[in-house]
Structure formats: structure tokens, C-alpha cells
Amino acid sequence: MTPRIRIEEAHAHAGESVEIAGWLYNLRRSGKIAFPILRDGSGLMQCVAVKNTLGEELFETVKNLTQESSLVVTGRIRAEQRAPGGYEMDVEKIQVLQRVSEADPYPITPKDHGVDFLMDHRHLWLRSQRQHAILRVRHEVIKAVRDYFDSHGFTLVDTPIFTPAACEGTTTLFEVDYFEDSKAYLTQSGQLYNEATAMALGKTYCFGPTFRAEKSKTRRHLTEFWMVEPEMAFATLEDVKRVAEEMLVSIVGRVLENRKEELKRLERDVTKLEAIQAPFPRIAYDEAIGILQAKGSEIQWGGDFGGTDETLLTQDRDRPLMVDRFPAAFKAFYFQPAADRDDVVLGVDVLAPEGYGEIIGGGQRIHDLDLLLARIEQHHLPKEAFDWYIDLRKYGTVPHGGFGMGIERCVAWICGLEHIRETIAFPRMLYRLRP
Ligand code: 4AD
Ligand code: MG
């Protein structure tokens with residue numbers, strides 16, 4: 001029996017006959033020889049089909065294969081410096097599972113398609129080399145995030161997706177019917193629940209889909225995105241910043257180590273990633289306003305950063321920038337006020353360099369019962385909905401904090417992409433719910 005291998009395992013089979021199952025990625029022909037390139041999800045394999053070896057009929061079959069036809073190819077693996085991946089396969093046998101019809105050919109061809117066309121064909125576009133590379137980097141980022149928390153004493157606790165109340169403000173909630181006369185909202189963040197689980201486990205994190213009904217059509221916004229959110233009991237803003245910094249250094253290091261090929265395919269300048277080392281610069285919001293005004297931004301003290309401001313703050317930096325101590329006025333109700341000033345809160349945003357902007361938001365939470373009650377009232381939030389959250393301040397309250405990182409924004413930065421839409425297999429945006 002000929003062993004079935006994946007293309008990424010070819011190096012261990014040089015000189016052997018093996019079987020590879022995949023799809024036709026490309027085909028070159030010249031007279032009595034054809035070079036079908038096979039893709040199987042793990043790599044590309046250039047095959048060499050020779051008429052004299054295969055016989056007339058089989059050679060004709062190979063020669064007339066169409067893009068994305070599904071195949072099982074048997075042949076001998078041979079080292080070949082010039083081939084993609086460093087190995088070639090001398091074809092001995094080909095079994096065609098499905099030949100894609102010329103009458104209805106694979107819609108994505110090497111020619112330039114517009115992004116709307118590609119997005120409409122996202123289910124097929126994922127097969128392209130670039131999308132393949134991005135998804136592999138995304139996988140590595142997620143694995144690195146989990147490994148970081150798992151090896152630093154955090155316990156993964158999944159938080160609910162149906163929630164009865166807002167975490168990040170009511171304007172961006174997706175509402176759903178929840179049985180008789182009752183409404184639920186799709187979660188914007190697992191944070192409030194993380195605060196409960198952190199009091200049970202000390203250090204926790206959740207990682208799951210989150211939803212924002214934001215009508216922003218920008219290169220940074222999705223309506224459904226994946227967020228990793230750590231939360232720590234007995235922690236201050238300083239601890240939150242330290243963990244965010246360590247986690248990012250560790251993620252970038254892992255991608256550089258394990259996804260070199262993919263970064264190359266994406267033409268990512270890896271020297272930019274190699275520069276991601278601690279310590280990251282830290283500035284207060286006050287200082288950021290000064291920098292922005294000096295660069296010509298119209299922003300005034302008290303205003304939230306717009307996308308352009310984030311770009312201005314980060315475009316000529318080589319490391320992520322941490323901005324903390326934001327005006328209380330535009331931050332969520334749960335932020336702990338600074339000890340020396342009550343107009344600013346202990347929140348921090350981490351802005352990725354090269355103009356990418358915010359990838360992490362977090363901070364220290366209010367732990368004092370009376371202060372929390374006052375804030376809930378000031379923000380006109382329904383106190384009943386927060387009863388359980390208030391309980392956490394009654395039974396052994398402690399300073400605590402954490403953050404949330406949007407996986408897609410992190411991947412867009414690491415891959416050097418212009419738009420967030422390519423970082424998730426099936427993006428959900430203001431005008432995109434399909435496929
Ligand atoms: O700054 P945000 O809104 O913070 C929170 O939700 C906190 N409750 C997190 C916490 O402290 N546990 O969102 C956190 C991150 C942002 O920095 C960004 O990376 C990502 O989530 N994010 C989005 N990503 C894609 N599309 C959107 N519409 C996003 N909104 C936020
Ligand atoms: Mg934020």
C-alpha cells in the first residue's frame with residue numbers, strides 16, 4: 001500500500017512513492033510534459049507528468065485538468081531546490097475525483113478581481129495562497145494567546161453570548177427575542193462575567209465571539225469579532241499593562257518562529273515584527289492629546305480618539321503604544337477613577353504601531369460598592385440588571401482588572417493587512433452578512 005501523506009510531510013518521504021489528495025492549483029504544459037501544481041491545505045506540490053511514463057490516455061487526462069479539480073496523485077517525491085516547498089513529485093498515477101467543468105469554471109482566476117467579487121466568493125477565495133497564509137497566522141495567534149494564559153496561571157472560563165444587559169454601553173447592542181416578552185442581547189464583552197469568575201479562580205480568561213451593532217464602515221470594525229479577555233483579582237492598572245505587554249511580545253515571537261513562510265507570502269516586513277520587544281512606551285491620555293494637537297489633529301481634551309488620531313499616534317512608532325488615564329466622561333461605567341484625580345479613570349488602550357491603532361482596551365475596575373452604585377446611577381443603567389455584579393463588591397471585594405484584545409485587529413497588524421475583513425473566514429460587517 002502506498003502511504004497517503006500531506007504535502008507538508010514531503011521532506012520525510014524523499015525517494016519514496018506516496019499518495020497525495022488535493023486540488024489542482026495550477027497547470028503548465030509543454031509538449032510531452034505537464035506540471036500540475038497540487039494544493040492540499042498544507043502546502044503546494046509541483047508534480048511532473050511525463051507522457052512516455054503515463055501513457056497517452058492518462059497524460060491527456062492530466063493535460064486537460066481544470067483549476068480546482070479534486071485529485072489523488074500517486075508518485076515519487078524528489079528534492080528539487082527550485083520547486084515551491086523544495087520537493088517535486090514524479091507522477092505515476094492520477095485519480096480524478098471531480099473534474100471541474102469548462103462550462104462552469106472555477107470563478108476565481110489569477111486575474112485581478114475586485115474586493116466585492118472576492119468577498120461574494122469568500123467560500124472559494126479562502127483557497128487562495130494569501131487567504132491561506134492569513135488563516136494560518138490567525139491560528140498561530142490564537143494558539144499563542146491560549147498558551148500564554150495557560151502557562152501563567154489563568155483558567156479559561158467561557159462566558160455567555162446571550163446577555164440581559166450591556167457591558168460597553170447600550171448604543172451598540174444586537175437585540176434578540178428571548179421567549180415570551182423577553183429580550184436578550186448578544187454579548188459585547190465577557191468582562192462583567194470574568195470579574196465574577198476571577199473572584200472564584202484568581203486569574204481567568206474568556207475567548208469567544210462578541211458582537212457590536214456599530215454602524216461604522218471602517219477598516220477596523222466588524223460586527224462580529226473574537227475577543228480574548230483576561231481578568232485578574234488583586235490587580236492594578238500596572239499589572240494589566242504588564243500582562244498585555246508580555247502577551248503581545250509572546251504572540252509576535254511565536255508567529256515569527258512558526259509562520260515565517262506565511263509572513264513571506266504576505267510580503268510582511270518581519271523586521272517590523274522583530275522590533276516588538278518590551279518595554280512598550282507608556283503615555284497618559286493628557287500627553288497623547290498634546291502630541292495629536294502638535295500633529296495637527298483637531299482633538300480637544302475630553303474627546304475620544306478617532307481612527308485618524310490612532311494612526312497619527314502610531315504611524316512612526318516601532319513598538320505598541322500604551323495610553324492610559326482617560327477622561328471618565330467617555331469611558332464605560334466600571335472604570336476605577338485615578339486616586340489623584342476624579343476626572344480620569346484607570347483605563348489603558350494599547351495601540352499597535354505602523355498606524356494600526358487600538359488592539360487592546362482594558363484597565364482597573366471599580367471595587368468599592370458605593371462608588372459602583374453611584375456610577376450605575378450616573379450612567380442611567382438599570383440597577384436590577386446588575387444585582388449580581390454589585391454582589392461582587394459586597395462579598396470580599398478586591399482591586400482587580402483585565403483587558404480585551406480583538407483577535408482580528410491583532411492579526412491584521414501582524415500580517416500587515418490594510419483591512420480587517422481578511423482576518424476572519426467569514427466577516428460580518430455593516431453591509432456584509434453573506435456568504
Ligand atoms: O475597547 P473594548 O470595547 O473593551 C472591552 O470590550 C472591554 N470590556 C474589554 C475588557 O476589559 N475585558 O474592546 C476591546 C478590543 C478592542 O481593543 C479591539 O481590539 C476589539 O476589542 N474591538 C473590535 N474589533 C473588531 N471590530 C470591532 N467593532 C471592535 N470593537 C472592539
Ligand atoms: Mg476600546
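Since the model is a prediction, treat every value here as computed from it, not as a measurement. Any value given below was found using the heavy atoms of this structure, including those in side chains, with hydrogens, waters and symmetry copies removed. Just follow the structure's listing: the first ligand is 1, and inside any ligand the first atom is 1.
- Put simply, the side chain of M247 does not reach to within 4.5 Å of the side chain of H152, judged on heavy atoms.
- Atoms of ligand 1 found under 4.0 Å from any heavy atom of G361, numbered from 1 in the order shown, are 1 (O), 9 (C), 10 (C), 11 (O), 17 (O).
- When side chains are defined from C-beta on, V240 does not count as touching L346, because their heavy atoms never get closer than 4.5 Å.
- When R212, M227, E231 are ranked by how near their heavy atoms come to atom 14 (C) of ligand 1, first place goes to M227.
- For the residue pair R265 / H132, a side-chain donor-acceptor distance below 3.5 Å is found, with atom types taken as modelled.
- Contact check for H113 versus P107: no side-chain heavy atoms found under the 4.5 Å cut-off.
- Among protein heavy atoms, atom 11 (O) of ligand 1 sits closest to R365 NH2, 3.0 Å.
- Short contacts between ligand 1 and G362, defined as distances under 4.0 Å to a heavy atom of the residue, involve ligand atoms 11 (O).
- In this structure, a donor-acceptor pair under 3.5 Å is present between the side chains of S189 and E229.
- Proximity to R220 (heavy-atom distance under 4.0 Å) selects the following atoms of ligand 1: 25 (C), 26 (N).
- For a threshold of 3.5 Å applied to N or O pairs, the pair formed by E214 and ligand 1 contains at least one separation below that value.
- In this structure the side chain of T187 never reaches within 4.5 angstrom of the side chain of T159, judged on heavy atoms.
- Here the protein heavy atom with the shortest distance to atom 12 (N) of ligand 1 is E229 OE1, 2.7 Å.
- Ring to ring, F117 and W125 are not that close: their centroids are 6.0 angstrom or more apart.
- Ring-plane geometry between H11 and Y87 is classed as tilted, the angle between the planes lying from 30 to 60 degrees on a 0 to 90 degree scale.
- The distance between the ring centers of Y148 and Y205 does not fall below 6.0 angstrom.
- Contacts between I360 and ligand 1, counted as non-hydrogen atom pairs separated by less than 4.0 Å, involve the backbone only.
- Ligand 1 has an N or O atom lying under 3.5 Å from an N or O atom of I359, backbone or side chain.
- Using a 4.0 Å cut-off between heavy atoms, E195 makes no contact with ligand 1 at all.
- Scanning Y205, Y193, F225, F335 for the heavy atom closest to atom 23 (C) of ligand 1 points to F225.
- Considering backbone and side-chain atoms together, L222 places an N or O closer than 3.5 Å to an N or O of ligand 1.
- At under 3.5 Å, not a single nitrogen or oxygen of H221, backbone or side chain, sits near a nitrogen or oxygen of ligand 1.
- Between the side chains of Q131 and R122, at least one donor N or O sits under 3.5 Å from an acceptor N or O.
- Protein heavy atom closest to atom 18 (C) of ligand 1, with residue, atom name and distance, is R409 NH1, 3.6 Å.
- Using a 30° and 60° split on the angle between ring planes, F162 and Y178 fall in the perpendicular class, above 60°.
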| query | Which is it for K241 and E238 under the salt bridge (Lys or Arg N to Asp or Glu O under 4.0 Å) test, yes or no, and what are the steps along the way? | reply | CA-CA 5 Å; K241 288 193 279 191; E238 291 311 307; 3.2 Å; yes
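- Using the six-membered ring where Trp is involved, F326 and Y285 have ring planes that are tilted, between 30° and 60° apart.
- With a cut-off of 2.8 Å, the protein N/O/S atoms near the Mg ion (ligand 2) add up to 1.
- Among protein heavy atoms, the minimum distance from atom 17 (O) of ligand 1 is reached at E358 OE2, 2.6 Å.
- Ligand 1 lies within reach of Y334, whose nearest heavy atom is under 4.0 Å from it.
- For the residue pair Y334 and Q191, a side-chain donor N or O sits within less than 3.5 Å of a side-chain acceptor on the partner.
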